[in-house]
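To keep things clear, I will list the structure first and then write my remarks on it.
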Number of protein chains: 2
Amino acid sequence: MNEEIELRHLRYFLAVADSLHFTRAAQQLKIAQPALSQQIRRLEELLGHALFLRTTRGVQLTPAGSLLALRARTTLARVEDDLAQVRRVGRGEEGTLSVGFSGSVMFTELPAAIRRFRKRYPKVELQLREMWTSAQVEALRDGALDLGFLRDGEGNEGLATRTLLRERFVAVLPERHALAAKRTLRVNDLDGEPFILFSRAMGPLAYDRTIACCEQAGFVPEIVQYAPQFPTLFRLVAAGIGVSLAPACMARLSVPGAVYREVRSTARSTVDLAMRAGFESPLADNFVALLRTQIGSEERP
Amino acid sequence: MNEEIELRHLRYFLAVADSLHFTRAAQQLKIAQPALSQQIRRLEELLGHALFLRTTRGVQLTPAGSLLALRARTTLARVEDDLAQVRRVGRGEEGTLSVGFSGSVMFTELPAAIRRFRKRYPKVELQLREMWTSAQVEALRDGALDLGFLRDGEGNEGLATRTLLRERFVAVLPERHALAAKRTLRVNDLDGEPFILFSRAMGPLAYDRTIACCEQAGFVPEIVQYAPQFPTLFRLVAAGIGVSLAPACMARLSVPGAVYREVRSTARSTVDLAMRAGFESPLADNFVALLRTQIGSEERP
DNA sequence: CTTCATTCATAAGCCCAGCATATCAATACC
DNA sequence: GGTATTGATATGCTGGGCTTATGAATGAAG
């Protein structure tokens, strides 16, 4: 004999407590009256106390029954609320989404996409964390991040990536530099110039692609300085320490003393959306689905 | 197919969520593993979302599952607490007890009994309400009172009464009254004196017994004034408006200008405990049981 | 008072939800 | 590649919960 209380007992009890009438309560519950009496009796045995005072003409609640009616009502309501919330989380309409991004991605359409996501899913808490690409890869792998917007993040083992944007490179020059006079450069114009780049450890593929851009043009850049972020890097360029190559979107960041010039090259930098492979989060799925309609068509070949 | 969630589902779910292991959870629940898998699957179908991510090597919670684990834990704990509280109310250890009393009863041992009851059942809220006997009878009948301490409340239809105290009468006299010189009176000493009494509507039996006390002594008292309560009545006596008879306990109330004198009479006034007949309240039962040990032996013949 | 209606309890049997047993499939580990 | 582990699937059984039928008690009506 199962001694545990079940929600069924509470539902049945409340039906009787509401109507104070076994027969009507049974009809409402769509069961036969004896079945209802049986379950109420079981509940009373389980509690060790009577919940109703039966007269052959109707029933009424005992003090214990009155209290249980109060409590049972809130319990059932709470359970329903809980299930509804679990379903919302299941649908990805509620919860917490950890999103990492490389700093440069904030100069693309991502901020607008985030705004739309927040509007569509107001109950989702977005935790935005700026991280280097390689740090995001690690965080995605151990589950600290749900989603990452990586600068050149393709081809990482264990991550499912999708390329969102494909950008040209621009040359970053001191405004007094001789090459700044030209509107458009060839990459090999930069041959022999001192280069400032971010560290390879922050994003190997981004680094390699920048180098490859130069190598395509027939030279290997001489790197004289490393910088942790593009804004810092651009300030160093403005100070005349060297030149650089950066994804085109970064041209939106105006730094006094630094200018951007288009370069003719087939080399491209990408922004890639990454999530843990085989690890489905409805929240992340919803974010990705929204991005697909917003940014998907904005790839620049 | 029953589509309703039951506490069993939550219990099973939590077992798996705790151990993240179906087989071990099943052992802990003392059921077979397939039965557990079946119930979890049912719960997931009911929610429309997965709660666990199954790998052939262990399981882990989805975001929805994590949330449900939180909620289910509090739900089960709450239900247990609720049942415990209902049991306490069932045992009469908790709840609200409405106790009515005639004013004169507060001059007996009742206050001491109330103090003991409060100490023994600290979670019981005692609502004490001073009411005339007849008002108590009405309130008891319609359930507004759980228990009543009635002055001469025997023999009321629909109420179960038990006599707690049986008291002599005392004469109440102005201190300058000639009879005040005697230590003890005969009732018929009061023959011809103007009487002050409470209204018969407040307590018919108390009234009748007072009158009967006089009639036993061979006269019918001439009532010149009615008073709603004993303290008021005694003040009127002190003012020289008349004399009165009162239950002996009221002698504890000292009113300047009024004195009490024993009377030789077999007439008695009673304090009766009353509750609705056939209406068992564990709270009231506990109160009565406590009184039985405290006051039961204090009857004055 | 008798009769009828109402209402909850009891009795008896049925049926399916939940369970157990047996087995399979997939993966980690040596 | 073999073995162990773990959850899923298949199949049949069993008891708890249900239904139907009936009883008992009480109030209402005439």
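Chain naming here is simple, since letters A, B, ... match the order of the sequence lines and numbering starts at 1 in each.
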Spacing between [X] atom [atom1] and [N] atom [atom2], to the nearest angstrom:
| X | N | atom1 | atom2 | result |
| --- | --- | --- | --- | --- |
| B/E3 | C/dA17 | CD | C1' | 13 Å |
| A/F52 | C/dA9 | CZ | C1' | 15 Å |
| B/R42 | D/dA8 | CZ | P | 16 Å |
| B/E44 | D/dG7 | CD | C1' | 12 Å |
| A/I40 | D/dG16 | CD1 | P | 19 Å |

- prompt: Does any residue of residues 4-13 of chain B have a heavy atom under 4.0 Å from DNA chain C, and if so, which ones, in number order?
  reply: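 Hits under 4.0 Å, by residue number: B/R8, B/Y12.
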
- request: Please list, by residue number, the residues of residues 16-39 of chain B whose heavy atoms come closer than 4.0 Å to an atom of DNA chain C; answer none if no residue qualifies.
  value: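 The stretch gives B/K30, B/I31, B/A32, B/P34, B/A35, B/Q38, B/Q39 as the residues lying under 4.0 Å from the strand, ordered by number.
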
When you check the side-chain N and O atoms of [X] and [Y], is any donor under 3.5 Å from an acceptor?
| X | Y | result |
| --- | --- | --- |
| B/S19 | B/Q28 | no |
| B/T75 | A/R78 | no |
| A/T270 | A/R209 | yes |

message: I'd like to know whether CD of B/E138 has more than 12 heavy-atom contacts from other residues, nucleotides or ligands below 6.0 angstrom.
response: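 Atom CD in B/E138 is not packed in, count stays at 12 or less.
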
- prompt: For A/R73, does the CZ atom have more than 12 heavy-atom neighbours from other residues, nucleotides or ligands under 6.0 Å away?
  reply: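 Atom CZ in A/R73 is crowded, with more than 12 foreign heavy atoms closer than 6.0 Å.
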
query: Does C/dT10 have OP1 or OP2 sitting under 4.0 Å from an N or O in the side chain of A/R41?
result: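 Indeed, a polar side-chain atom of A/R41 lies that close.
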
query: Looking at B/R54, does any N or O in its side chain come under 4.0 Å of the phosphate oxygens OP1/OP2 on D/dT6?
result: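 Indeed not, no polar side-chain atom of B/R54 lies that close.
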
message: The criterion is salt bridge (Lys or Arg N to Asp or Glu O under 4.0 Å); which residues satisfy it with B/R141, sequence neighbours excluded?
response: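 Listed in chain order: nothing, the list is empty.
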
- prompt: Using 4.0 Å as the upper bound for N to carboxylate O, is an ion pair formed by B/D146 and B/R276?
  reply: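 Judged by the 4.0 Å cut-off on N to carboxylate O distance, B/R276 and B/D146 do not form a salt bridge.
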
message: Closer than 4.0 angstrom, basic N to acidic O: yes or no for A/E44 and A/R54?
response: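 Looking at A/R54 together with A/E44, the answer is yes, because their closest N to O distance falls below 4.0 Å.
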
- prompt: Hey, are the side chains of B/M131 and B/S102 touching, using non-hydrogen atoms and a 4.5 Å cut-off?
  reply: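 The answer is no, as the side chains (C-beta and beyond) never meet within the 4.5 Å cut-off.
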
message: Test of understanding: with side-chain hydrogen bond (donor to acceptor under 3.5 Å, both in side chains), list the residues that count as partners of B/R118, not counting sequence neighbours.
response: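 So B/R118 forms no side-chain hydrogen bond (donor to acceptor under 3.5 Å, both in side chains) with any residue.
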
Between the protein and nucleotides 24-29 of chain C, are there any N/O to N/O pairs under 3.5 Å, and if so, what are the atom names and distances?
{"residue": "C/dT27", "atom": "O4'", "partner": "B/T56", "partner atom": "OG1", "Å": "2.7"}

field: Pairs involving residues 88-101 of chain A, ordered by first then second residue, that meet salt bridge (Lys or Arg N to Asp or Glu O under 4.0 Å) (sequence neighbours left out)
entry: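 Of all non-adjacent pairs touching residues 88-101 of chain A, those that pass salt bridge (Lys or Arg N to Asp or Glu O under 4.0 Å) are A/R88-A/E94, A/R91-A/E93.
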
